[in-house]
Amino acid sequence: MVFADLVYFVQEGARSIRHNKFISVVAIVTIAFALMIFGAFLIVYTNVSHMTEGWVRQVEVTAYVREDFDPDRVDEIKKILWENREISRVQFVSKEEALARFQSGHENAAYLLDGLEGNPLPASFEIGLSKSARSQGAVDQLVRKLSQIPDFEEVQYGKEWTRSLMTFLNILRLIGFTLGGLLGVAILFIIANTVRLTVYARRDELAVMRLIGATNNFIRGPFLMEGLFQGLIGAVLSLITLFGIYHYWVPKLKHSAGVLLMQEISISFLSISMLSWIVVAGMVLGFFGSLMSLGRFLKI
Amino acid sequence: MIRMVDVYKRYQKDYSALKGISLHVAKGEFVFITGPSGAGKTTLLKLIYCEEQADRGEIRVNGLNLARLRRGSIPYLRRNIGVVFQDFKLIRSKSVFDNIAFALRVIGASKKEMKRRAWDVLRRVGLQHKINGYPLRLSGGEQQRVAIARALVNDPVILIADEPTGNLDAVVAEEIMEILNEIHMRGTTVLVATHDMNIVERMNKRVIRLENGRCVSDSALSDVPASGSEVVGRV
Ligand SMILES: Nc1ncnc2c1ncn2[C@@H]1O[C@H](COP(=O)(O)OP(=O)(O)OP(=O)(O)O)[C@@H](O)[C@H]1O
Ligand SMILES: [Mg+2]
(Lines give C-alpha, C1' and ligand atoms only; values in the text may rest on other atoms or scores of the structure.)
(Ligands and ions follow the chains in the order given, each with its own letter.)
Protein backbone atom coordinates (compact mmCIF):
# COMPACT_ATOMS: atom_id res chain seq x y z
CA MET A 1 0.00 0.00 0.00
CA VAL A 2 1.30 3.34 -1.04
CA PHE A 3 1.40 6.34 1.27
CA ALA A 4 -0.83 8.25 -1.14
CA ASP A 5 -3.45 5.52 -0.73
CA LEU A 6 -3.35 5.93 3.04
CA VAL A 7 -3.85 9.68 2.69
CA TYR A 8 -6.76 9.01 0.39
CA PHE A 9 -8.30 6.53 2.84
CA VAL A 10 -8.00 9.02 5.68
CA GLN A 11 -9.54 11.81 3.63
CA GLU A 12 -12.36 9.64 2.37
CA GLY A 13 -13.06 8.17 5.80
CA ALA A 14 -13.27 11.64 7.32
CA ARG A 15 -15.41 12.84 4.43
CA SER A 16 -17.79 9.97 4.91
CA ILE A 17 -18.21 10.79 8.59
CA ARG A 18 -18.89 14.43 7.78
CA HIS A 19 -21.25 13.45 5.02
CA ASN A 20 -23.29 11.15 7.26
CA LYS A 21 -23.20 13.46 10.24
CA PHE A 22 -26.27 12.33 12.06
CA ILE A 23 -25.63 8.63 11.98
CA SER A 24 -21.94 9.11 12.72
CA VAL A 25 -22.70 11.25 15.73
CA VAL A 26 -25.15 8.68 17.04
CA ALA A 27 -22.57 5.94 16.59
CA ILE A 28 -19.78 7.93 18.18
CA VAL A 29 -21.87 8.93 21.18
CA THR A 30 -22.99 5.34 21.70
CA ILE A 31 -19.41 4.13 21.51
CA ALA A 32 -18.31 6.87 23.87
CA PHE A 33 -21.01 5.83 26.30
CA ALA A 34 -20.02 2.18 26.16
CA LEU A 35 -16.35 2.94 26.63
CA MET A 36 -17.21 5.33 29.43
CA ILE A 37 -18.97 2.58 31.34
CA PHE A 38 -15.97 0.38 30.86
CA GLY A 39 -13.58 3.18 31.81
CA ALA A 40 -15.57 3.91 34.96
CA PHE A 41 -15.37 0.28 35.89
CA LEU A 42 -11.64 0.30 35.28
CA ILE A 43 -11.24 3.26 37.58
CA VAL A 44 -13.14 1.48 40.31
CA TYR A 45 -11.22 -1.73 39.77
CA THR A 46 -7.75 -0.22 39.70
CA ASN A 47 -8.44 1.87 42.77
CA VAL A 48 -9.94 -0.96 44.75
CA SER A 49 -7.13 -3.30 43.84
CA HIS A 50 -4.56 -0.65 44.50
CA MET A 51 -6.04 0.14 47.86
CA THR A 52 -6.38 -3.48 48.88
CA GLU A 53 -2.92 -4.27 47.65
CA GLY A 54 -1.78 -1.91 50.35
CA TRP A 55 -3.81 -3.89 52.83
CA VAL A 56 -2.52 -7.18 51.61
CA ARG A 57 0.99 -5.87 51.99
CA GLN A 58 0.17 -5.12 55.58
CA VAL A 59 -0.98 -8.63 56.07
CA GLU A 60 1.83 -10.31 57.76
CA VAL A 61 2.48 -13.29 59.83
CA THR A 62 2.74 -12.63 63.51
CA ALA A 63 4.58 -15.18 65.61
CA TYR A 64 3.89 -14.79 69.34
CA VAL A 65 6.67 -16.14 71.50
CA ARG A 66 6.28 -18.13 74.71
CA GLU A 67 5.96 -16.35 78.01
CA ASP A 68 9.44 -17.57 79.04
CA PHE A 69 11.16 -16.32 75.87
CA ASP A 70 14.64 -14.94 76.49
CA PRO A 71 14.96 -11.56 74.75
CA ASP A 72 18.67 -12.22 74.22
CA ARG A 73 17.76 -14.82 71.63
CA VAL A 74 16.04 -12.36 69.30
CA ASP A 75 18.93 -12.20 66.87
CA GLU A 76 19.22 -15.96 66.82
CA ILE A 77 15.52 -16.36 65.94
CA LYS A 78 15.78 -13.60 63.33
CA LYS A 79 18.57 -15.50 61.67
CA ILE A 80 16.45 -18.65 61.52
CA LEU A 81 13.57 -16.68 60.07
CA TRP A 82 15.71 -15.03 57.42
CA GLU A 83 16.51 -18.44 56.03
CA ASN A 84 13.04 -18.50 54.53
CA ARG A 85 13.09 -16.79 51.18
CA GLU A 86 9.43 -15.83 51.47
CA ILE A 87 10.24 -13.47 54.28
CA SER A 88 11.00 -9.90 53.37
CA ARG A 89 10.90 -8.22 56.72
CA VAL A 90 11.27 -9.25 60.33
CA GLN A 91 10.67 -7.05 63.32
CA PHE A 92 10.73 -7.97 66.96
CA VAL A 93 8.05 -6.41 69.13
CA SER A 94 8.89 -6.68 72.81
CA LYS A 95 6.27 -6.93 75.55
CA GLU A 96 6.85 -3.27 76.41
CA GLU A 97 6.41 -2.12 72.84
CA ALA A 98 3.29 -4.21 72.48
CA LEU A 99 1.85 -2.54 75.51
CA ALA A 100 2.82 0.90 74.33
CA ARG A 101 1.21 0.24 70.97
CA PHE A 102 -1.93 -1.01 72.59
CA GLN A 103 -2.14 2.03 74.79
CA SER A 104 -1.60 4.50 71.99
CA GLY A 105 -4.07 2.64 69.79
CA HIS A 106 -6.78 2.54 72.46
CA GLU A 107 -6.39 5.71 74.40
CA ASN A 108 -9.98 5.70 75.46
CA ALA A 109 -9.84 2.08 76.46
CA ALA A 110 -6.77 2.09 78.67
CA TYR A 111 -9.03 1.04 81.50
CA LEU A 112 -9.14 -2.40 79.93
CA LEU A 113 -5.70 -3.04 81.32
CA ASP A 114 -6.35 -1.46 84.66
CA GLY A 115 -7.38 -4.57 86.49
CA LEU A 116 -4.44 -6.57 85.26
CA GLU A 117 -1.18 -7.06 86.98
CA GLY A 118 1.94 -6.54 84.93
CA ASN A 119 1.92 -6.75 81.17
CA PRO A 120 -0.38 -9.40 79.70
CA LEU A 121 0.71 -8.83 76.09
CA PRO A 122 3.16 -11.31 74.61
CA ALA A 123 6.24 -10.31 72.68
CA SER A 124 6.15 -11.21 68.99
CA PHE A 125 7.95 -11.29 65.69
CA GLU A 126 6.20 -9.44 62.89
CA ILE A 127 7.08 -11.09 59.64
CA GLY A 128 6.49 -9.40 56.28
CA LEU A 129 6.09 -11.54 53.23
CA SER A 130 7.70 -10.98 49.89
CA LYS A 131 5.34 -10.44 46.99
CA SER A 132 5.87 -13.88 45.51
CA ALA A 133 4.84 -15.54 48.78
CA ARG A 134 1.49 -13.82 49.03
CA SER A 135 -0.53 -16.65 47.56
CA GLN A 136 -2.72 -18.54 49.96
CA GLY A 137 -0.84 -21.80 49.55
CA ALA A 138 2.56 -20.27 50.17
CA VAL A 139 1.35 -18.47 53.27
CA ASP A 140 -0.19 -21.65 54.66
CA GLN A 141 3.03 -23.53 54.10
CA LEU A 142 5.15 -20.89 55.74
CA VAL A 143 2.89 -20.73 58.77
CA ARG A 144 3.05 -24.49 59.19
CA LYS A 145 6.83 -24.33 59.06
CA LEU A 146 7.11 -21.50 61.55
CA SER A 147 4.80 -23.27 63.96
CA GLN A 148 7.47 -25.96 64.37
CA ILE A 149 9.86 -23.51 65.94
CA PRO A 150 9.59 -24.29 69.65
CA ASP A 151 10.00 -20.69 70.78
CA PHE A 152 6.71 -19.75 69.17
CA GLU A 153 3.55 -20.11 71.15
CA GLU A 154 1.29 -19.27 68.25
CA VAL A 155 1.67 -18.21 64.61
CA GLN A 156 -1.13 -16.08 63.23
CA TYR A 157 -2.04 -14.44 60.01
CA GLY A 158 -5.13 -12.86 58.49
CA LYS A 159 -6.20 -15.94 56.64
CA GLU A 160 -9.95 -15.50 56.25
CA TRP A 161 -9.58 -11.90 55.57
CA THR A 162 -7.05 -12.16 52.75
CA ARG A 163 -8.96 -15.01 51.22
CA SER A 164 -12.20 -13.08 50.96
CA LEU A 165 -10.31 -10.08 49.68
CA MET A 166 -8.78 -12.18 46.93
CA THR A 167 -12.18 -13.63 46.09
CA PHE A 168 -13.64 -10.17 45.93
CA LEU A 169 -10.92 -8.97 43.60
CA ASN A 170 -11.33 -12.03 41.43
CA ILE A 171 -15.05 -11.46 41.15
CA LEU A 172 -14.41 -7.84 40.31
CA ARG A 173 -11.99 -8.91 37.59
CA LEU A 174 -14.48 -11.41 36.21
CA ILE A 175 -17.14 -8.72 36.07
CA GLY A 176 -14.63 -6.54 34.28
CA PHE A 177 -13.90 -9.15 31.64
CA THR A 178 -17.58 -9.85 31.07
CA LEU A 179 -18.46 -6.19 30.94
CA GLY A 180 -15.54 -5.44 28.65
CA GLY A 181 -16.47 -8.34 26.39
CA LEU A 182 -20.12 -7.35 26.15
CA LEU A 183 -19.37 -3.69 25.55
CA GLY A 184 -16.73 -4.65 22.98
CA VAL A 185 -19.22 -6.75 21.06
CA ALA A 186 -21.76 -3.93 21.29
CA ILE A 187 -19.28 -1.45 19.85
CA LEU A 188 -18.37 -3.90 17.10
CA PHE A 189 -22.00 -4.10 16.05
CA ILE A 190 -22.66 -0.39 16.31
CA ILE A 191 -19.78 0.33 13.99
CA ALA A 192 -20.63 -2.53 11.67
CA ASN A 193 -24.12 -1.12 11.33
CA THR A 194 -23.19 2.47 10.66
CA VAL A 195 -20.52 1.50 8.18
CA ARG A 196 -22.98 -0.86 6.52
CA LEU A 197 -25.32 2.06 6.02
CA THR A 198 -22.63 4.16 4.36
CA VAL A 199 -21.56 1.22 2.24
CA TYR A 200 -25.15 0.71 1.21
CA ALA A 201 -25.61 4.36 0.35
CA ARG A 202 -22.53 4.26 -1.85
CA ARG A 203 -22.90 0.82 -3.38
CA ASP A 204 -23.15 2.19 -6.94
CA GLU A 205 -19.91 4.00 -6.49
CA LEU A 206 -18.30 0.85 -5.13
CA ALA A 207 -19.50 -1.12 -8.13
CA VAL A 208 -17.90 1.46 -10.41
CA MET A 209 -14.67 1.33 -8.45
CA ARG A 210 -14.57 -2.40 -8.89
CA LEU A 211 -15.18 -2.18 -12.60
CA ILE A 212 -12.42 0.32 -13.20
CA GLY A 213 -9.87 -1.91 -11.52
CA ALA A 214 -9.85 -1.01 -7.83
CA THR A 215 -8.62 -3.82 -5.59
CA ASN A 216 -10.77 -4.93 -2.69
CA ASN A 217 -8.31 -3.45 -0.27
CA PHE A 218 -8.53 -0.12 -1.99
CA ILE A 219 -12.32 -0.20 -1.83
CA ARG A 220 -12.26 -1.21 1.82
CA GLY A 221 -9.71 1.36 2.91
CA PRO A 222 -11.97 4.39 3.37
CA PHE A 223 -14.57 2.38 5.26
CA LEU A 224 -12.01 0.86 7.57
CA MET A 225 -10.75 4.37 8.25
CA GLU A 226 -14.28 5.52 8.89
CA GLY A 227 -14.78 2.79 11.48
CA LEU A 228 -11.40 3.45 12.99
CA PHE A 229 -12.14 7.16 13.30
CA GLN A 230 -15.49 6.55 14.90
CA GLY A 231 -13.85 4.26 17.44
CA LEU A 232 -11.09 6.76 18.04
CA ILE A 233 -13.37 9.76 18.46
CA GLY A 234 -15.73 7.74 20.64
CA ALA A 235 -12.85 6.64 22.87
CA VAL A 236 -11.40 10.13 23.24
CA LEU A 237 -14.84 11.53 23.95
CA SER A 238 -15.46 8.88 26.60
CA LEU A 239 -12.18 9.65 28.33
CA ILE A 240 -12.79 13.38 28.33
CA THR A 241 -16.26 12.90 29.79
CA LEU A 242 -14.93 10.44 32.30
CA PHE A 243 -12.23 12.83 33.37
CA GLY A 244 -14.81 15.59 33.73
CA ILE A 245 -16.90 13.41 35.98
CA TYR A 246 -13.85 12.29 37.92
CA HIS A 247 -12.71 15.84 38.39
CA TYR A 248 -16.10 16.94 39.62
CA TRP A 249 -17.13 14.03 41.81
CA VAL A 250 -13.99 12.62 43.27
CA PRO A 251 -13.26 15.42 45.77
CA LYS A 252 -16.77 14.99 47.17
CA LEU A 253 -16.53 11.24 47.15
CA LYS A 254 -13.15 11.37 48.79
CA HIS A 255 -14.52 13.56 51.51
CA SER A 256 -17.45 11.35 52.40
CA ALA A 257 -15.43 8.15 52.04
CA GLY A 258 -12.74 9.63 54.20
CA VAL A 259 -15.30 10.36 56.88
CA LEU A 260 -16.70 6.88 56.58
CA LEU A 261 -13.41 4.97 56.66
CA MET A 262 -11.74 7.44 59.02
CA GLN A 263 -8.78 7.33 56.76
CA GLU A 264 -7.39 9.44 53.97
CA ILE A 265 -8.06 7.69 50.69
CA SER A 266 -6.78 8.51 47.27
CA ILE A 267 -8.73 7.80 44.11
CA SER A 268 -6.61 8.04 41.02
CA PHE A 269 -7.72 8.43 37.41
CA LEU A 270 -6.72 5.89 34.79
CA SER A 271 -3.03 5.61 34.13
CA ILE A 272 -1.58 6.85 30.86
CA SER A 273 -1.13 3.30 29.65
CA MET A 274 -4.76 2.45 30.39
CA LEU A 275 -5.92 5.60 28.66
CA SER A 276 -3.97 4.63 25.58
CA TRP A 277 -5.31 1.09 25.77
CA ILE A 278 -8.87 2.37 25.74
CA VAL A 279 -8.11 4.55 22.73
CA VAL A 280 -6.43 1.65 20.95
CA ALA A 281 -9.36 -0.60 21.83
CA GLY A 282 -11.75 1.94 20.32
CA MET A 283 -9.74 2.07 17.12
CA VAL A 284 -9.33 -1.69 16.85
CA LEU A 285 -13.02 -2.28 17.48
CA GLY A 286 -13.87 0.35 14.88
CA PHE A 287 -11.58 -1.23 12.35
CA PHE A 288 -12.90 -4.74 12.82
CA GLY A 289 -16.51 -3.65 13.13
CA SER A 290 -16.14 -2.01 9.76
CA LEU A 291 -14.37 -5.02 8.30
CA MET A 292 -17.23 -7.20 9.52
CA SER A 293 -19.80 -5.20 7.60
CA LEU A 294 -17.74 -5.09 4.42
CA GLY A 295 -17.33 -8.80 3.90
CA ARG A 296 -20.54 -9.51 2.12
CA PHE A 297 -20.48 -6.37 0.02
CA LEU A 298 -17.15 -7.02 -1.55
CA LYS A 299 -17.36 -9.58 -4.23
CA ILE A 300 -16.04 -9.12 -7.69
CA MET B 1 -5.62 -10.00 -27.98
CA ILE B 2 -9.08 -11.47 -27.37
CA ARG B 3 -9.92 -15.04 -28.14
CA MET B 4 -13.11 -16.92 -27.34
CA VAL B 5 -13.65 -20.59 -28.02
CA ASP B 6 -17.13 -22.06 -27.74
CA VAL B 7 -18.29 -19.79 -24.94
CA TYR B 8 -21.62 -20.27 -23.21
CA LYS B 9 -23.27 -18.03 -20.69
CA ARG B 10 -26.63 -18.38 -19.06
CA TYR B 11 -28.24 -16.16 -16.46
CA GLN B 12 -31.31 -18.30 -15.88
CA LYS B 13 -31.67 -22.05 -15.96
CA ASP B 14 -33.51 -22.48 -19.22
CA TYR B 15 -32.23 -19.49 -21.12
CA SER B 16 -28.72 -18.94 -22.49
CA ALA B 17 -27.60 -15.43 -23.35
CA LEU B 18 -24.60 -16.77 -25.28
CA LYS B 19 -24.58 -20.11 -27.04
CA GLY B 20 -21.21 -21.17 -28.34
CA ILE B 21 -19.43 -17.97 -29.26
CA SER B 22 -16.03 -18.28 -30.88
CA LEU B 23 -14.05 -15.32 -32.14
CA HIS B 24 -10.63 -13.81 -32.31
CA VAL B 25 -9.78 -10.13 -32.25
CA ALA B 26 -6.20 -9.25 -33.03
CA LYS B 27 -4.16 -6.49 -31.44
CA GLY B 28 -5.01 -3.08 -32.84
CA GLU B 29 -8.25 -4.15 -34.52
CA PHE B 30 -11.47 -2.16 -34.52
CA VAL B 31 -14.50 -4.43 -34.30
CA PHE B 32 -18.21 -3.74 -34.15
CA ILE B 33 -20.47 -6.19 -32.34
CA THR B 34 -23.96 -5.75 -33.67
CA GLY B 35 -27.25 -7.47 -33.33
CA PRO B 36 -30.77 -6.85 -32.10
CA SER B 37 -31.55 -5.98 -28.54
CA GLY B 38 -31.11 -8.98 -26.28
CA ALA B 39 -28.73 -10.71 -28.70
CA GLY B 40 -26.03 -10.89 -26.04
CA LYS B 41 -23.72 -8.01 -26.99
CA THR B 42 -23.37 -6.61 -23.50
CA THR B 43 -22.98 -10.09 -22.07
CA LEU B 44 -20.14 -10.81 -24.48
CA LEU B 45 -18.35 -7.64 -23.44
CA LYS B 46 -18.89 -8.32 -19.74
CA LEU B 47 -17.14 -11.65 -20.09
CA ILE B 48 -14.06 -9.88 -21.43
CA TYR B 49 -13.60 -7.63 -18.41
CA CYS B 50 -14.83 -10.28 -15.97
CA GLU B 51 -18.02 -8.70 -14.78
CA GLU B 52 -19.54 -12.08 -15.63
CA GLN B 53 -17.94 -15.50 -15.86
CA ALA B 54 -18.53 -17.90 -18.73
CA ASP B 55 -20.22 -21.19 -17.93
CA ARG B 56 -18.32 -23.05 -20.60
CA GLY B 57 -15.61 -22.43 -23.14
CA GLU B 58 -12.31 -20.64 -23.06
CA ILE B 59 -11.66 -16.91 -23.03
CA ARG B 60 -8.21 -15.42 -23.38
CA VAL B 61 -7.62 -11.72 -22.98
CA ASN B 62 -4.21 -10.18 -23.39
CA GLY B 63 -2.71 -13.65 -23.03
CA LEU B 64 -4.58 -14.49 -19.82
CA ASN B 65 -6.93 -17.43 -19.52
CA LEU B 66 -9.85 -15.89 -17.66
CA ALA B 67 -11.12 -19.16 -16.25
CA ARG B 68 -7.80 -19.60 -14.47
CA LEU B 69 -7.54 -16.01 -13.29
CA ARG B 70 -7.50 -15.62 -9.52
CA ARG B 71 -10.06 -13.23 -8.08
CA GLY B 72 -7.33 -11.04 -6.77
CA SER B 73 -5.93 -10.58 -10.26
CA ILE B 74 -9.15 -9.34 -11.83
CA PRO B 75 -8.55 -5.68 -10.88
CA TYR B 76 -5.21 -5.78 -12.65
CA LEU B 77 -6.77 -7.23 -15.79
CA ARG B 78 -9.36 -4.46 -15.72
CA ARG B 79 -6.71 -1.79 -15.59
CA ASN B 80 -5.68 -2.83 -19.07
CA ILE B 81 -9.21 -2.66 -20.38
CA GLY B 82 -11.01 0.66 -20.66
CA VAL B 83 -14.78 0.21 -20.56
CA VAL B 84 -17.40 2.70 -21.67
CA PHE B 85 -20.53 1.31 -20.06
CA GLN B 86 -23.92 1.31 -21.68
CA ASP B 87 -25.22 3.35 -18.73
CA PHE B 88 -21.95 5.35 -18.32
CA LYS B 89 -21.59 4.50 -14.61
CA LEU B 90 -20.27 7.93 -13.72
CA ILE B 91 -20.16 8.79 -10.04
CA ARG B 92 -22.76 11.45 -9.48
CA SER B 93 -21.18 12.98 -6.41
CA LYS B 94 -17.89 13.59 -8.19
CA SER B 95 -17.04 16.28 -10.71
CA VAL B 96 -15.98 15.48 -14.25
CA PHE B 97 -12.37 15.88 -13.29
CA ASP B 98 -12.74 13.73 -10.19
CA ASN B 99 -14.54 11.00 -12.08
CA ILE B 100 -11.63 10.73 -14.45
CA ALA B 101 -8.91 11.25 -11.89
CA PHE B 102 -10.55 8.57 -9.80
CA ALA B 103 -9.65 5.91 -12.35
CA LEU B 104 -6.04 6.95 -11.81
CA ARG B 105 -6.42 7.28 -8.05
CA VAL B 106 -7.62 3.70 -7.94
CA ILE B 107 -4.42 2.43 -9.52
CA GLY B 108 -2.22 4.57 -7.29
CA ALA B 109 -1.13 7.40 -9.58
CA SER B 110 0.39 10.53 -8.09
CA LYS B 111 -1.55 13.80 -7.86
CA LYS B 112 0.57 15.38 -10.53
CA GLU B 113 0.11 12.46 -12.85
CA MET B 114 -3.62 12.53 -12.24
CA LYS B 115 -3.88 16.18 -13.17
CA ARG B 116 -1.80 15.88 -16.27
CA ARG B 117 -3.47 12.80 -17.68
CA ALA B 118 -7.02 13.78 -16.79
CA TRP B 119 -6.50 17.10 -18.50
CA ASP B 120 -4.93 15.45 -21.50
CA VAL B 121 -7.71 12.94 -21.96
CA LEU B 122 -10.43 15.55 -21.52
CA ARG B 123 -8.87 17.53 -24.32
CA ARG B 124 -8.93 14.48 -26.52
CA VAL B 125 -12.67 14.12 -26.06
CA GLY B 126 -13.14 17.89 -26.33
CA LEU B 127 -14.51 18.52 -22.86
CA GLN B 128 -11.90 20.72 -21.15
CA HIS B 129 -14.48 23.42 -20.50
CA LYS B 130 -16.69 21.08 -18.45
CA ILE B 131 -13.92 19.88 -16.18
CA ASN B 132 -15.68 21.13 -13.05
CA GLY B 133 -19.18 20.12 -14.10
CA TYR B 134 -21.16 17.31 -12.48
CA PRO B 135 -22.41 14.32 -14.49
CA LEU B 136 -26.10 14.98 -13.90
CA ARG B 137 -25.78 18.47 -15.33
CA LEU B 138 -24.20 17.28 -18.56
CA SER B 139 -25.95 16.34 -21.78
CA GLY B 140 -26.02 12.71 -22.87
CA GLY B 141 -23.27 13.30 -25.38
CA GLU B 142 -21.12 15.01 -22.79
CA GLN B 143 -21.62 12.23 -20.28
CA GLN B 144 -20.64 9.77 -22.97
CA ARG B 145 -17.43 11.68 -23.55
CA VAL B 146 -16.64 11.72 -19.85
CA ALA B 147 -17.17 7.98 -19.80
CA ILE B 148 -14.83 7.61 -22.76
CA ALA B 149 -12.27 9.88 -21.16
CA ARG B 150 -12.34 7.79 -18.00
CA ALA B 151 -11.94 4.59 -20.01
CA LEU B 152 -8.95 6.07 -21.79
CA VAL B 153 -7.13 7.68 -18.96
CA ASN B 154 -5.17 4.57 -17.97
CA ASP B 155 -3.93 4.01 -21.51
CA PRO B 156 -5.67 0.65 -21.84
CA VAL B 157 -4.63 -1.85 -24.48
CA ILE B 158 -8.28 -2.67 -25.12
CA LEU B 159 -11.15 -0.19 -25.24
CA ILE B 160 -14.65 -1.57 -24.93
CA ALA B 161 -17.60 0.67 -25.68
CA ASP B 162 -21.15 -0.57 -25.13
CA GLU B 163 -23.65 1.39 -27.22
CA PRO B 164 -21.55 4.54 -27.19
CA THR B 165 -24.02 6.30 -29.46
CA GLY B 166 -27.09 4.87 -27.75
CA ASN B 167 -29.40 7.83 -27.48
CA LEU B 168 -27.38 10.52 -29.18
CA ASP B 169 -28.39 12.38 -32.31
CA ALA B 170 -26.57 11.65 -35.54
CA VAL B 171 -24.15 14.56 -35.31
CA VAL B 172 -23.02 13.80 -31.78
CA ALA B 173 -22.86 10.09 -32.59
CA GLU B 174 -20.57 10.95 -35.48
CA GLU B 175 -18.30 12.92 -33.14
CA ILE B 176 -18.15 10.07 -30.65
CA MET B 177 -17.22 7.60 -33.38
CA GLU B 178 -14.55 9.99 -34.53
CA ILE B 179 -13.05 9.95 -31.04
CA LEU B 180 -13.13 6.16 -30.94
CA ASN B 181 -11.51 5.99 -34.34
CA GLU B 182 -8.77 8.28 -33.21
CA ILE B 183 -8.12 6.01 -30.23
CA HIS B 184 -7.93 3.09 -32.63
CA MET B 185 -5.44 4.99 -34.79
CA ARG B 186 -3.15 5.24 -31.78
CA GLY B 187 -2.94 1.45 -31.67
CA THR B 188 -5.60 0.52 -29.12
CA THR B 189 -7.77 -2.51 -29.77
CA VAL B 190 -11.35 -1.24 -29.87
CA LEU B 191 -14.57 -3.20 -29.44
CA VAL B 192 -17.85 -1.39 -29.97
CA ALA B 193 -21.26 -2.92 -29.35
CA THR B 194 -24.02 -1.13 -31.21
CA HIS B 195 -27.25 -1.69 -33.07
CA ASP B 196 -26.88 1.57 -34.98
CA MET B 197 -26.39 0.15 -38.49
CA ASN B 198 -25.91 3.62 -40.02
CA ILE B 199 -22.74 4.09 -38.11
CA VAL B 200 -21.51 0.56 -38.70
CA GLU B 201 -21.89 1.01 -42.45
CA ARG B 202 -20.21 4.38 -42.53
CA MET B 203 -17.18 3.30 -40.51
CA ASN B 204 -16.32 0.37 -42.75
CA LYS B 205 -14.74 -1.80 -40.05
CA ARG B 206 -14.95 -5.44 -39.15
CA VAL B 207 -18.45 -6.38 -38.00
CA ILE B 208 -19.44 -9.39 -35.90
CA ARG B 209 -23.16 -9.93 -35.77
CA LEU B 210 -24.88 -11.68 -32.90
CA GLU B 211 -28.38 -13.00 -32.91
CA ASN B 212 -29.97 -14.85 -30.09
CA GLY B 213 -26.65 -15.56 -28.42
CA ARG B 214 -24.93 -16.86 -31.53
CA CYS B 215 -22.45 -15.40 -33.99
CA VAL B 216 -24.32 -15.21 -37.28
CA SER B 217 -21.80 -13.31 -39.35
CA ASP B 218 -18.33 -11.88 -39.30
CA SER B 219 -17.24 -9.52 -42.04
CA ALA B 220 -13.67 -10.68 -41.63
CA LEU B 221 -14.62 -14.13 -42.88
CA SER B 222 -15.60 -14.97 -46.43
CA ASP B 223 -17.70 -17.97 -45.47
CA VAL B 224 -19.77 -18.06 -42.31
CA PRO B 225 -20.65 -21.43 -40.83
CA ALA B 226 -24.25 -21.83 -39.89
CA SER B 227 -23.45 -23.26 -36.49
CA GLY B 228 -22.06 -20.89 -33.92
CA SER B 229 -20.18 -23.62 -32.13
CA GLU B 230 -17.25 -23.65 -34.55
CA VAL B 231 -14.46 -21.17 -34.76
CA VAL B 232 -16.00 -18.22 -36.49
CA GLY B 233 -13.53 -15.44 -36.58
CA ARG B 234 -9.82 -15.32 -37.09
CA VAL B 235 -7.72 -12.52 -38.49
N1 LIG C 1 -27.90 -9.83 -15.17
C2 LIG C 1 -28.77 -10.51 -15.95
N3 LIG C 1 -29.62 -11.40 -15.35
C4 LIG C 1 -30.47 -12.11 -16.10
N5 LIG C 1 -30.57 -12.02 -17.42
C6 LIG C 1 -29.77 -11.16 -18.07
C7 LIG C 1 -28.83 -10.38 -17.36
N8 LIG C 1 -28.16 -9.62 -18.24
C9 LIG C 1 -28.66 -9.93 -19.44
N10 LIG C 1 -29.62 -10.85 -19.36
C11 LIG C 1 -30.36 -11.46 -20.47
O12 LIG C 1 -29.40 -11.94 -21.41
C13 LIG C 1 -29.79 -11.63 -22.71
C14 LIG C 1 -28.70 -10.86 -23.41
O15 LIG C 1 -28.58 -9.61 -22.79
P16 LIG C 1 -27.55 -8.51 -23.24
O17 LIG C 1 -27.62 -7.41 -22.26
O18 LIG C 1 -26.25 -9.16 -23.44
O19 LIG C 1 -28.16 -8.06 -24.64
P20 LIG C 1 -27.69 -6.89 -25.59
O21 LIG C 1 -27.39 -7.50 -26.88
O22 LIG C 1 -26.60 -6.10 -24.93
O23 LIG C 1 -29.00 -6.01 -25.67
P24 LIG C 1 -29.13 -4.42 -25.84
O25 LIG C 1 -28.85 -4.12 -27.24
O26 LIG C 1 -30.55 -4.16 -25.45
O27 LIG C 1 -28.16 -3.80 -24.88
C28 LIG C 1 -31.08 -10.84 -22.61
O29 LIG C 1 -32.15 -11.72 -22.88
C30 LIG C 1 -31.14 -10.41 -21.19
O31 LIG C 1 -32.46 -10.41 -20.71
MG1 LIG D 1 -26.41 -4.16 -24.20
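Note on naming: letters A, B, ... go to the chains in the order of the sequence lines (proteins, then strands), and numbering restarts at 1 for each one.
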**Request:** Mark yes or no: B/K205 above the aromatic ring of B/F30, with NZ or CZ under 6.0 Å from the six-membered ring centre and no more than 45 degrees from the axis.
**Result:** yes
**Asked** Distance under 6.0 Å and angle within 45° of the ring axis: does B/R56 meet both against B/Y8?
**Response** yes
**Asked** Do the ring planes of A/Y8 and A/F218 sit parallel (below 30°), tilted (30 to 60°) or perpendicular (above 60°)?
**Response** parallel
**Message:** Give the interface residues of residues 138-147 of chain B toward chain A, defined by a heavy-atom separation under 4.5 Å.
**Reply:** none
**Prompt:** For residues B/T42 and B/Q86, is any side-chain donor paired with an opposing acceptor at under 3.5 Å?
**Reply:** yes
**Message:** Between A/N47 and A/S268, is there a side-chain donor-acceptor contact under 3.5 Å, judged purely by atom types and distance?
**Reply:** yes
**Message:** Less than 4.5 Å to any heavy atom of chain A: does that hold for the side chain of B/S93, its backbone, both, or neither?
**Reply:** side chain
**Message:** Less than 4.0 angstrom from a charged side-chain N to a carboxylate O is my criterion; do B/R105 and B/D98 meet it?
**Reply:** no
